[in-house]
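Before any comments, here is the structure.
Only a predicted model underlies this, so the values are computations on that prediction, with no experimental measurement involved.
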Amino acid sequence: MKELFESVNSILTFVGPLSDFFWDFPTNFAFYKAIPILGNFSLAVIVLFGAGIYFSLRLGFIQVTHFASGIRMMVHRRTAETGISPLAAFFLSSAMRVGPGNILGVTGAISVGGPGALFWMWVSAFFGMAIAYTEATLAQLFKEQKDREFVGGLPFYGRRLLGNRVWVGVLLSCVYIFYALMCLPAQGFNVVSSVGAMAEILTGAKIATTSSLYWLTAAVVIFATGLIVFGGIRKVTRVTDRMVPVMAVVYCATVVALIVANVDSIPYFFGAVFRGAFTPEAVFGGAIGTALVQGVKRGLMSNEAGQGTITMAAAAADAKHPCEQGIVAALGVFLDTHVICTMTGFVVVMAHAWTTQAAVWDKAGKLPKFLLSVQQLTPVVSFHTIVLFLLTLCFCLFAYTCLLGMISFSEIAANRISQKQSFLNGVRLVGLFVAAFGILVNIAGFDLGNLWAFSDLANIIIVYFNVPLLFLGARYVLQATEHYRRTDGASFTGDLVGIQSDCWNHKH
């Protein structure tokens, strides 16, 4: 068996370099790299950041003007006979957005780009809110009804915007399903390993990954996931409705306790972040380019604005107006980056372990760097144990909600290929099998790192598919937004923006 895994890994050695090439293009060419300032930015960063600025300007900074109304929409509880409520869709999308990347991605960005990367993460997320609004509104405009559910998202609006060609929807569905399948193994093992880590914290003893605890946890995780995802999108949202608020509140409350315990370091935090983003030395020394690139890349990849990977949740909502869910989606980006990622930033920057424990910091991976930072801020052993347990619990929940979201969104995307229940159950089963396979391989101590690199490759491919579609569909979003502002969200029909839609052919 070991020989088989090693053979698979060796065959797929091309995946990592190929993924890096697409993410870094064209900075991997000397002539482009030599261009002042611009040479620091890859096409992916330019596309995502540029799209955020463009849509913010065209939409009149709707992420600001309708921020308060978005909060009111979420506070107002609404039941949905068809589909799910806007709040349930918000929690479902947050289940995907708020993942391990909120810890690992932020730590990685700061370790490469310095504290200033966090500032540019805030900036990119601010503009990313406009992208999220655009893609979520498109998902609502072109959603379709299936029994008592709505299905839609990237494969659906992509097909409609490109001449209603069947093959376009099928291709986009396959791209997303491929992306999700490649992410599932790592998320599954993150859940199981987090449970093992919590057990170690409670017992004070080292537990091997091959122990019965890991195997039993894996079985429980796989069984519970199967029960939830085979129950359909409504059952998934009942779980995410409960888990997302808990994990967000526990994580923020725990970090706030750390901040209060280290209140003297707060001025250092803000000073380091803004100095790293704006000092003249950084500008002329090129460090600002590194900070900006890391902030933009990690920020937008954490909140997933522009990838189209969250749009299935937006389409599932029974919104009264398409723009409602766009506003709610923008708030999802705010929660992910300006709240959750900022909490991680506080821990890493306030501890500044790269100066106090440079030798350990340089050799450590992303998660060990974060845990090292936590240790720096909690010198009291009993307090450190409690904080470490709570943060590990949050990491576990982050990973598990991602696991549920990826299988559920794959099922929704698969509706663009076929709505036969046998086919959709097959997609669910494949997702569950891949997650189980990844968990068991990791428990057994084997490495399939090159296989998991497919997720990074699929990630950037989705961006290059999705962002052009957003520009193509911008006129529909702008018309819908104008109607929403003019009528304060009054009844909407598809003919108001020139589209035919069975979901919007009657007054809402």
Side-chain angles (χ1 to χ4, degrees), residues 1-10 12 95-96 99-101 103-104 180-231 235-236 239-240 242-243 246-247 250 365-368 370-371 385 388-408 410-411 425-455:
M1 187 64 71
K2 182 178 180 180
E3 289 75 15
L4 174 62
F5 292 145
E6 290 176 348
S7 298
V8 171
N9 242 356
S10 61
L12 298 175
M96 277 281 287
I103 293 176
L104 304 182
L181 291 178
M182 293 304 103
C183 293
L184 285 172
Q187 299 300 353
F189 185 68
N190 281 337
V191 177
V192 176
S193 61
S194 298
V195 173
M198 286 187 283
E200 289 183 355
I201 293 170
L202 292 175
T203 62
K206 184 71 176 175
I207 302 175
T209 58
T210 53
S211 68
S212 57
L213 172 67
Y214 275 79
W215 290 106
L216 179 61
T217 303
V220 171
V221 168
I222 294 165
F223 180 73
T225 303
L227 282 180
I228 295 169
V229 298
F230 275 91
K235 190 167 186 177
V236 173
V239 174
T240 55
R242 290 165 175 78
M243 292 185 70
V246 169
M247 68 189 196
V250 171
K366 294 174 186 176
L367 186 57
F370 177 74
L371 297 178
T385 301
L388 196 59
F389 181 85
L390 291 174
L391 292 179
T392 306
L393 172 63
C394 291
F395 188 83
C396 179
L397 295 177
F398 287 175
Y400 190 64
T401 56
C402 278
L403 185 69
L404 292 177
M406 285 173 179
I407 296 177
S408 300
S410 294
E411 173 204 337
N425 284 337
V427 172
R428 292 166 173 164
L429 194 60
V430 169
L432 200 60
F433 172 80
V434 171
F437 174 76
I439 293 171
L440 298 179
V441 167
N442 279 280
I443 287 178
F446 299 116
D447 177 30
L448 287 179
N450 290 323
L451 178 60
W452 313 151
F454 266 118
S455 62

key: Steps toward side-chain contact (heavy atoms from CB on, under 4.5 Å) verdict (Leu391, Phe370)   = CA-CA 10 Å; Leu391 292 179; Phe370 177 74; 4.1 Å; yes
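- Side-chain N or O atoms of Ser193 include one that pairs as donor or acceptor with a backbone N or O of Phe189 at under 3.5 Å.
- For the pair Leu184/Gln187, no side-chain contact is recorded, criterion being any heavy-atom separation below 4.5 Å from C-beta on.
- In this structure the side chain of Asn190 never reaches within 4.5 angstrom of the side chain of Phe398, judged on heavy atoms.
- The CD1 atom of Ile201 sits 10.0 Å away from the CD1 atom of Ile207 when rounded to the nearest 0.5 Å.
- Between Pro185 and Val434 the shortest side-chain heavy-atom distance falls below 4.5 Å.
- Atom-to-atom distance recorded for Leu397:CG and Cys402:SG is 11.0 Å, nearest 0.5 angstrom.
- For the residue pair Leu432 and Ile407, the shortest heavy atom distance occurs at N-CD1, 4.2 Å.
- Nearest heavy-atom pair across Ile439 and Gly188 is CG1-C, 3.4 Å.
- The shortest non-hydrogen separation linking Ala218 to Val192 is CA-CG2, 3.9 Å.
- When all heavy atoms are compared, the tightest approach of Ser211 to Ala208 is OG-O, 2.8 Å.
- Residues in residues 427-437 take part in these salt bridge (Lys or Arg N to Asp or Glu O under 4.0 Å) pairs, two or more places apart or across chains: Glu411-Arg428.
- Residue Leu181 comes nearest to Gly431 through the heavy atom pair CD2-CA, 3.7 Å, listed as atom of the first residue, atom of the second, then distance.
- Here the straight-line distance linking atom CE of Met247 with atom CG of Leu390 works out to 15.0 Å at 0.5 Å rounding.
- The line from CG of Leu393 to CE of Met198 is 5.0 Å long, rounded to the nearest 0.5 Å.
- Taking both residues in full, the closest heavy atoms of Tyr214 and Gly196 are given as OH-CA, 3.6 Å, listed atom of the first, atom of the second, then distance.
- Looking at Thr225 and Tyr400, their side chains come closer than 4.5 Å, going by heavy atoms from C-beta outward.
- Each of Thr217, Val220, Val221, Thr392 was scored for a side chain to side chain contact (heavy atoms under 4.5 Å, CB included) with Val195, with one residue passing: Thr217.
- Atom CG in Leu371 sits 9.0 Å away from atom CZ in Phe395 (nearest 0.5 Å).
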